[in-house]
Colleague: 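I have a structure here, written as structure tokens, and I will follow up with some questions on it.
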Amino acid sequence: MNTIKKTILQKGKGKTRKQAKLEYLYEKESLYFAQITESVKDIAIKELKDLGAYDLKPVFRGIWFKANKKNFYRITYFARLLSRVLAPLVSFKCHDKDDLYKAARKIRWEEFLTLKDTFSISANVSESDITHSNFAGLRVKDAIADYFRDRTNKRPNVDSKNPYIIINLHIHKNFATLTIDASGGPMHKRGYREESVSAPMQETVAAAIIRLSEWDGQKSLYDPMCGSGTLLCEALMAYCRIPSQVFRTSFGFERLPDFDAALWDQIKKESQDNFRQLKKGMIAGSDVSEHSINAVKTNIMGLHFGKEITIEQKDFVDIESIENSVIVTNPPYGIRMGKDENLNKFYQNLGFFLKNKCSKSTAFVYFGEPRYIKKVPLSPSWKRPLKIGGLDGKLVKYELY
């Protein structure tokens, strides 16, 4: 027993534990799971491969992948399109509440948290004998509480808002997997958004649009309706090679028994050494709203190189020209504009603006309400559904000659 306790106390030094029975799935197989929205799965596969993942197996709403420890940390730190990264502990057949409880009790929970730490359970159940996700989550919570109570007569507390560790349960067709949320929360929460506007674009949507635009800095990038600046921030972070989670103060993988603090410090230092400078005016944006301009100026100032982004208050119809550029924008729609605006006229004017003032440019316009695409008097090069971040929109590409 002393050996086990000593091994547990060495957490953070990256030591491999000798007791085989203490090994979890992610350790034995270098196996992880990326939660991802279906409509960006193809580009997420490319992103994961670029970050060193291998043996990728796409499934519904996610991708199983393998990676060495360094690349697992890097994926969790850098990935821009993923919702969460999970580290699997155990998988087992699960036909009823007793199967679930027994399997959850077998995990050595003291390797992951102490009595002083808080935890939360996220459960998802489908096509199984256990039919309610909340009930399944409660059984896991009971197992963890009883595990500690049996040993100490005390139990750690649940905190659904800001837990020390997030435990994820997935049951599909009576097969259960218990995982630790390695990202430590939803990855779209980047931490740069200090100020917001009504119905702001989710960061992973903006990252997907920048990725699909294939913008590489060869031409300048402009958003004529920049709102609180999410597209501009994601463009900057991608170009400058800034990790998507650079502002996150703690990660779920730091709770894992084999966490290697020295390796993690090395990754953070390497990433900072690899930042790419942004030239003044390479990224720019404008908006008619003074509130939006104040919001975007606040948001970009927290980012490395944010001062190099050019921002001005201007209605897009008053812009003289944007030539030989990449234009990305999320025009206001019902939610953002209010009901009194004439949206048909608005989108017609947007089309005239792109056609007459944006020669030799390529525009990527996200329509939160796709029915307005036909109101733009331009022929799209392609249209792509982007069901992500609570929106059921379409991204449309226009080649402007």
Colleague: How far apart are the C-alpha atoms of Tyr192 and Phe247, what are their side-chain angles, what is the distance that settles it, and do they pass the ring-ring contact (aromatic ring centres under 6.0 Å, His included) test?
Modeller: CA-CA 7 Å; Tyr192 58 69; Phe247 295 121; 7.1 Å; no
Colleague: Please enumerate all residues that pass ring-ring contact (aromatic ring centres under 6.0 Å, His included) together with Phe78, with sequence neighbours excluded.
Modeller: none
Colleague: If you count the non-hydrogen atoms of other residues, nucleotides and ligands that lie under 6.0 Å from CZ in Arg61, is the total more than 12?
Modeller: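 No, not enclosed.
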Colleague: Does atom NZ (Lys102) have a neighbourhood of more than 12 heavy atoms from anything else shown, all under 6.0 Å?
Modeller: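 Not more than 12 within 6.0 Å, no.
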Colleague: Taking ring-ring contact (aromatic ring centres under 6.0 Å, His included) as the definition, give me every residue that meets it alongside Tyr32, ordered by chain and number, with sequence neighbours left out.
Modeller: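 Partners of Tyr32 by the ring-ring contact (aromatic ring centres under 6.0 Å, His included) criterion, ordered by chain and then number, come out as Phe65, Phe72.
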Colleague: More than 12 foreign heavy atoms under 6.0 Å from CD of Glu127: is that the case here?
Modeller: yes
Colleague: Should we say atom CG of Asn134 is surrounded by more than 12 heavy atoms from elsewhere, each under 6.0 Å from it?
Modeller: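 12 or below, so no.
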Colleague: Could you grab the distance from atom CZ of Arg190 to atom CZ of Arg248, nearest 0.5 Å is fine?
Modeller: 9.5 Å
Colleague: For residues Val85 and Met187, determine if any side-chain heavy atom of one lies less than 4.5 Å from a side-chain heavy atom of the other.
Modeller: yes
Colleague: Who pairs with Phe367 by ring-ring contact (aromatic ring centres under 6.0 Å, His included), at least two apart in sequence or on another chain?
Modeller: Tyr347
Colleague: Please determine if Glu38 and Lys41 form a salt bridge, counting it only when a charged side-chain N lies under 4.0 Å from a carboxylate O.
Modeller: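 Salt bridge: yes.
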Colleague: Show which side-chain atoms of residues 390-399 pair as donor or acceptor with protein atoms under 3.5 Å away, not counting sequence neighbours.
Modeller:
residue : atom : partner : partner atom : Å
Lys397  : NZ   : Glu399  : OE2          : 3.4
Glu399  : OE1  : Thr362  : OG1          : 3.4

Colleague: When you look at NZ of Lys219, are more than 12 heavy atoms from neighbouring residues, nucleotides or ligands closer to it than 6.0 Å?
Modeller: yes
Colleague: Taking 4.0 angstrom as the limit, do Arg211 and Glu234 come out as a salt bridge?
Modeller: no
Colleague: Do Asn124 and Ser133 have side-chain atoms, one donor and one acceptor, less than 3.5 Å apart?
Modeller: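 Looking only at side-chain atoms, Ser133 and Asn124 do not form any donor-acceptor pair under 3.5 Å.
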Colleague: Can you check whether Phe346 and Phe316 have ring centres sitting under 6.0 Å from each other?
Modeller: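 Yes, close enough.
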Colleague: Distance alone, cut at 3.5 Å: any donor-acceptor contact between the side chains of Tyr54 and Ser30?
Modeller: no
Colleague: Checking Asn274 against Ser271: is there a side-chain donor and acceptor pair closer than 3.5 Å?
Modeller: no
Colleague: Could you work out, with side-chain hydrogen bond (donor to acceptor under 3.5 Å, both in side chains) as the rule, every residue matching Lys57, not counting sequence neighbours?
Modeller: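 Once residues adjacent in sequence are excluded, Lys57 has no partner under the side-chain hydrogen bond (donor to acceptor under 3.5 Å, both in side chains) criterion.
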Colleague: Take a 6.0 Å sphere around NZ of Lys383 and say whether it holds more than 12 heavy atoms from other residues, nucleotides or ligands.
Modeller: no
Colleague: Are any of the side-chain heavy atoms of Val317 and Phe353 separated by less than 4.5 Å?
Modeller: no
Colleague: Look at Arg384 together with Asp42 and state whether they make a salt bridge at an N to O cut-off of under 4.0 Å.
Modeller: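 Yes, this pair counts.
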Colleague: Does the separation of the ring centres of Phe364 and Trp215 fall below 6.0 angstrom?
Modeller: no
Colleague: Using the ring-ring contact (aromatic ring centres under 6.0 Å, His included) rule, take Trp264 and Tyr77 through it: C-alpha gap first, then chi angles, then the decisive distance, then the call.
Modeller: CA-CA 10 Å; Trp264 174 223; Tyr77 194 36; 4.9 Å; yes
Colleague: Parallel, tilted or perpendicular: which describes the rings of Phe275 and His304, with under 30° parallel and over 60° perpendicular?
Modeller: perpendicular
Colleague: Is the shortest distance from a Lys or Arg side-chain nitrogen in Asp146 or Arg155 to a carboxylate oxygen in the other one below 4.0 Å?
Modeller: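 No, no charged N to carboxylate O under 4.0 Å.
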Colleague: Supply the atom-to-atom distance Ser183 OG to Gln245 CD, rounded to the nearest 0.5 angstrom.
Modeller: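 If we round to the nearest 0.5 Å, Ser183:OG and Gln245:CD are 7.5 Å apart.
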Colleague: Classify the side-chain pair Thr177/His170 by whether it contains a donor and acceptor separated by less than 3.5 Å.
Modeller: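 Checked: Thr177/His170 side chains show no N/O donor-acceptor pair below 3.5 Å.
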Colleague: Does Lys314 have more than 12 heavy atoms from other residues, nucleotides or ligands lying within 6.0 Å of its NZ?
Modeller: yes
Colleague: Arg193 and Thr230: side-chain donor and acceptor closer than 3.5 Å?
Modeller: yes
Colleague: Salt bridge between Asp258 and Lys69, side-chain N to carboxylate O under 4.0 Å?
Modeller: yes
Colleague: Is there a donor-acceptor contact under 3.5 Å linking the side chains of Ser220 and Ser325?
Modeller: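 Yes, a side-chain donor-acceptor pair sits under 3.5 Å.
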Colleague: Just wondering, are more than 12 heavy atoms of other shown residues or ligands nearer than 6.0 Å to CD in Gln277?
Modeller: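 Yes.
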Colleague: Would you mind checking if Lys269 and Asp273 are paired as a salt bridge, meaning a charged N to carboxylate O distance below 4.0 Å?
Modeller: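 Judged by the 4.0 Å cut-off on N to carboxylate O distance, Asp273 and Lys269 do form a salt bridge.
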Colleague: Do Glu323 and Lys357 sit within salt-bridge range, that is, some charged N less than 4.0 Å from a carboxylate O?
Modeller: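 No.
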Colleague: To the nearest 0.5 Å, how far apart are CD in Gln348 and CG in Leu378?
Modeller: 11.0 Å
Colleague: Checking Leu263 against Lys70 for the side-chain contact (heavy atoms from CB on, under 4.5 Å) test, could you report, in this order, the C-alpha distance in whole Å, the side-chain angles of both residues, the deciding distance, and whether it holds?
Modeller: CA-CA 7 Å; Leu263 177 62; Lys70 182 175 184 178; 4.1 Å; yes
Colleague: Could I get the full list of salt bridge (Lys or Arg N to Asp or Glu O under 4.0 Å) partners for Lys161, not counting sequence neighbours?
Modeller: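 For Lys161 there are no salt bridge (Lys or Arg N to Asp or Glu O under 4.0 Å) partners, ignoring immediate neighbours.
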Colleague: Going by ring-ring contact (aromatic ring centres under 6.0 Å, His included), Phe112 matches just one of Phe253, Phe148, Tyr24, Phe259. Which one?
Modeller: Tyr24
Colleague: Just wondering, do Glu47 and Ile43 contact through their side chains at under 4.5 Å, heavy atoms?
Modeller: no
Colleague: Given side chains that start at C-beta, do those of Leu178 and Val90 come closer than 4.5 Å, heavy atoms only?
Modeller: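 Leu178 reaches Val90 side chain to side chain.
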